[in-house]
S.K.: 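Below is one structure. I have some questions about it.
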Amino acid sequence: MHGYFELTASLAEYTTARVLTEVGERTPVFTRFSTVAGGSGSVDTPRDVRGFAVKMYTKEGNFDLVGNNIPVFFIQDAIKFPDLIHAVKMEPDRGFPQAASAHDTFWDFISLTPEAMHMVMWAMSDRTLPRSLRMMEGFGIHSFRLVNAAGDSTFVKFHWRPKLGLQSTIWDEAVKIAGADPDFHRRDMFEAIEAGGFPEWEFAVQLFGEEEASAFPFDHLDPTKLIPEELVPLKVVGRMVLDRWPDNFFAETEQVAFCPSHLVPGIDFSNDPLLQGRLFSYLDTQLSRLGSPNFHQIPVNAPKCPFANQQRDGHMQMARPLGRIAYEPSSLAADSARESPSLGFRSAVIAENGERGRVRSETFADHYSQARLFYRSQTAHEQAHIASALVFELSKVQVLHVRVAMVGHLLNIDASLARRVADGLALDAMPAAPAAARPALDMPASPALQIIGKMRATLDGRAIGILVADGSDGALVAALRKAATAAGASVKIVAPRVGGATLADGSRLAADGQLAGTPSVLFDAVAVVLSESGAASLSGEGAAIDFVRDAFGHLKAIAFDHGGQILLQKAGVEPDAGVVNAHDTGAFVATAKTRQ
């Protein structure tokens with residue numbers, strides 16, 4: 001998606017990067033969201049990490065912030081990345097499962113990779129079941145450096161925080177959405193932008209120096225670790241707004257090339273070994289994927305400022321460089337491109353010592369403390385979801401010793417979690433915990449790691465479905481639509497037939513979706529407005545019964561009139577605080593804001 005980044009607070013004290021110092025300046029961006037495990041065309045809503053990559057077309061060149069919706073990663077050593085991907089993708093001898101980590105090869109790899117345990121806690125949490133791409137956070141994952149005019153450097157971690165707040169589906173919703181609308185997230189984003197509800201994220205940074213870093217009870221250069229917000233608070237310095245869908249999906253979204261090596265002066269890399277590996281591997285990937293060293297000339301990849309690299313030839317050369325000079329320095333052409341030592345990229349001046357070798361630092365050896373921190377920081381509901389996710393995933397693993405090994409790792413994270421999962425798998429005995437390279441620490445809980453605490457009581461960006469049939473009360477439907485729209489929600493009419501329904505006053509109400517293909521899982525709240533005859537006709541339809549039964553089971557707000565109550569009773573739905581009279585539109589909106 002196209003949009004812009006706007007700086008709201010200058011970081012001139014820390015960096016010379018103009019994109020981070022010029023307050024009020026709007027920098028064009030292109031952002032791509034993606035799943036990881038599934039191939040092209042796979043469903044949108046599986047349990048999976050989401051890619052969150054942003055290309056900023058700054059005045060000084062492109063800055064690619066290539067991250068995920070999770071702040072840590074599975075591995076510490078970049079050379080293991082192909083193994084991770086081979087393990088999580090569909091198994092090569094059978095070509096399935098698609099878009100799923102619930103299979104033997106993934107969990108076999110994970111059970112032999114203790115450093116992945118922190119990421120596993122995130123992956124099994126509701127973070128990997130986002131309600132919308134507009135409602136998930138983004139992270140740059142690694143520590144970077146900001147470099148100021150004096151050459152001083154400060155460590156930085158980059159964060160994106162959704163204006164709409166965090167929201168996830170539950171597993172049952174995710175499964176049913178996949179069947180009803182495999183393109184749910186893509187359609188949701190498209191419709192939001194088309195309607196002018198432009199998705200927005202705050203841009204925040206965590207800033208810290210060498211002394212602070214040395215005092216952390218973990219190594220911030222370890223990509224399997226995060227810095228709790230309670231330890232280093234986030235500073236909001238900007239915002240990103242996505243306001244235009246690509247004109248041609250292949251030309252832009254499919255051909256956009258993100259590389260972590262694309263930085264601008266004033267931003268530098270850290271010694272995070274996974275980041276160092278990505279600096280090579282992403283460029284190598286683009287050369288292979290797009291088939292040309294000139295991929296930077298594809299319009300979606302081209303900087304919007306003047307640039308020159310003295311590259312004349314190569315496959316798919318799309319420019320027409322003129323003259324005889326294709327090098328620098330030169331004295332044969334006064335107008336040839338020149339290096340700018342004062343304005344160009346400068347690395348931070350850092351004193352390095354010690355032996356060089358392909359070994360992991362001893363400070364990377366603690367694999368369980370932050371996994372424990374994440375799990376114990378969750379609410380009871382979120383902990384239950386993590387345990388259920390582990391049971392579901394490991395129940396798909398056919399090899400017993402892999403299931404047993406994973407429960408052993410869980411013992412090093414939290415004994416109660418290990419017991420819940422062991423019971424769910426019906427293990428005959430609790431396995432022994434594997435020896436930990438370093439004992440797990442009990443770190444202070446971090447409420448910032450919860451989703452429930454980051455949800456917002458709002459209908460902005462949410463969707464409400466109104467189920468109608470022939471004979472429904474048009475005035476009530478109009479009142480519900482008006483109240484929901486005023487609160488920021490989009491409203492869709494669902495009817496037994498796609499042609500719509502004839503209302504009680506004889507008018508025709510167009511439908512946005514047909515009942516059998518538009519279940520309640522596609523909405524954040526629903527209203528059921530039916531005549532007695534309409535309720536009687538729908539009471540024998542499984543899709544109608546499921547519409548209200550699922551909405552109730554997923555704790556969505558439900559509004560009903562007299563006919564709607566008949567359908568609710570037929571579905572066995574007993575009214576509670578989330579089931580309100582549709583004629584009280586204010587109560588419905590208020591309830592819907594808190595029960596998404």
S.K.: When you measure from the side chain of Thr35 to the backbone of Ala37, do you find a donor-acceptor pair of N or O atoms at a distance under 3.5 Å?
M.R.: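 It does not hold such a pair.
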
S.K.: So, Glu252 versus His2: side-chain donor-acceptor pair below 3.5 Å or not?
M.R.: yes

S.K.: Are Phe258 and Tyr282 an aromatic pair, judged by ring center distance below 6.0 Å?
M.R.: no

S.K.: Between Phe30 and Lys55, is there a cation-pi geometry (under 6.0 Å to ring centre, at most 45° from the normal)?
M.R.: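 No - Lys55 does not lie over the ring of Phe30 by the 6.0 Å and 45° rule.
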
S.K.: Ring centroid separation for Phe33 and Trp201, is it under 6.0 angstrom?
M.R.: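 Under 6.0 Å, so yes.
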
S.K.: Please check: side-chain N/O of Ser42 versus main-chain N/O of Gly39, any donor-acceptor pairing under 3.5 Å?
M.R.: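 Present.
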
S.K.: Exactly one of Gln167, Arg462, His554 should register a side chain to side chain donor-acceptor pair (under 3.5 Å) with Asp524. Which one does?
M.R.: Gln167

S.K.: Do Thr253 side-chain atoms and Phe250 backbone N/O form a donor-acceptor pair below 3.5 Å?
M.R.: no

S.K.: Applying salt bridge (Lys or Arg N to Asp or Glu O under 4.0 Å), name anything that partners Asp423, two or more places apart in sequence or on another chain.
M.R.: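 Expected list: Arg419.
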
S.K.: Among Ile451, Leu166, Asn69, Asn68, find the residue that satisfies the side chain to side chain contact (heavy atoms under 4.5 Å, CB included) test when tested with Met136.
M.R.: Asn69

S.K.: With sequence neighbours excluded, give me every salt bridge (charged side-chain N to carboxylate O under 4.0 Å, His left out) pair touching residues 538-552.
M.R.: Lys176-Asp550

S.K.: Run Phe184 and Leu133 through side chain to side chain contact (heavy atoms under 4.5 Å, CB included) and show every step you take.
M.R.: CA-CA 10 Å; Phe184 179 70; Leu133 301 175; over 6 Å; no

S.K.: Could I get the full list of salt bridge (Lys or Arg N to Asp or Glu O under 4.0 Å) partners for Arg50, not counting sequence neighbours?
M.R.: none

S.K.: Taking atom types as modelled and ignoring hydrogens, do the side chains of His185 and Asp44 form a donor-acceptor contact shorter than 3.5 angstrom?
M.R.: no

S.K.: Looking at every non-hydrogen atom in both residues, tell me the closest pair between Ala487 and Val589 and how far apart they are.
M.R.: CB-CG1, 3.7 Å

S.K.: Which pairs count as ring-ring contact (aromatic ring centres under 6.0 Å, His included) when at least one residue sits in residues 486-513, sequence neighbours excluded?
M.R.: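 Qualifying pairs, neighbours excluded: none.
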
S.K.: Is the shortest side-chain N to carboxylate O distance from Glu137 to Lys454 below 4.0 Å?
M.R.: yes

S.K.: Per the salt bridge (charged side-chain N to carboxylate O under 4.0 Å, His left out) rule, what does the pair list look like for residues 25-38, sequence neighbours excluded?
M.R.: Glu6-Arg26, Glu25-Lys59

S.K.: Would you check if the side chain of His103 reaches a backbone N or O of Val88 as a donor-acceptor pair within less than 3.5 Å?
M.R.: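 Yes: the side chain of His103 pairs with the backbone of Val88.
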
S.K.: Taking Arg187 first and then Asp181, would you say they form a salt bridge - that is, a charged N and a carboxylate O separated by under 4.0 Å?
M.R.: yes

S.K.: Between Ser101 and Glu393, do the side chains contain an N or O donor and an N or O acceptor separated by less than 3.5 Å?
M.R.: yes

S.K.: Is the Trp160 to Phe139 ring centre distance short of 6.0 Å?
M.R.: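 Between Trp160 and Phe139, the centre distance exceeds or equals 6.0 Å.
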
S.K.: Verify whether the ring centers belonging to Trp122 and Tyr375 lie closer than 6.0 Å.
M.R.: no

S.K.: Determine, for Arg161 against Glu200, whether the closest basic-nitrogen to carboxylate-oxygen distance falls under 4.0 angstrom.
M.R.: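 A salt bridge is absent here (no side-chain N lies under 4.0 Å from a carboxylate O).
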
S.K.: Distance-only, no hydrogens or angles: does the Gln206 side chain make a donor-acceptor pair with backbone N or O of Ile227 under 3.5 Å?
M.R.: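 Here the side-chain-to-backbone pair exists.
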
S.K.: Counting N and O atoms only, with roles assigned by atom type, does the side chain of Thr518 sit under 3.5 Å from a partner on the main chain of Leu515, one being a donor and the other an acceptor?
M.R.: no

S.K.: Quick check on Lys396: does its NZ atom have over 12 non-hydrogen neighbours (other residues, nucleotides or ligands) under 6.0 Å away?
M.R.: no

S.K.: For the side chain of Thr128 and the backbone of Ser125, is there at least one donor-acceptor N/O pair under 3.5 Å apart?
M.R.: yes

S.K.: Between the side chain of Asp243 and the main-chain N/O of Ile193, is any donor-acceptor distance below 3.5 Å?
M.R.: no

S.K.: Can you spot which of Arg47, Gln450, His381, His385 makes a side chain to side chain donor-acceptor pair (under 3.5 Å) with Asp126?
M.R.: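 Option passing the side chain to side chain donor-acceptor pair (under 3.5 Å) with Asp126: His385.
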
S.K.: I'd like to know if the side chain of Arg239 pairs up with that of Tyr4 as donor and acceptor (distance under 3.5 Å, no hydrogens or angles considered).
M.R.: yes

S.K.: By salt bridge (Lys or Arg N to Asp or Glu O under 4.0 Å), which residues pair with Asp561, not counting sequence neighbours?
M.R.: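 Asp561 satisfies salt bridge (Lys or Arg N to Asp or Glu O under 4.0 Å) with no residue once adjacent residues are dropped.
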
S.K.: Ignoring hydrogens and geometry beyond distance, is a side-chain donor-acceptor pair present between Asp188 and Ser132 at under 3.5 Å?
M.R.: yes

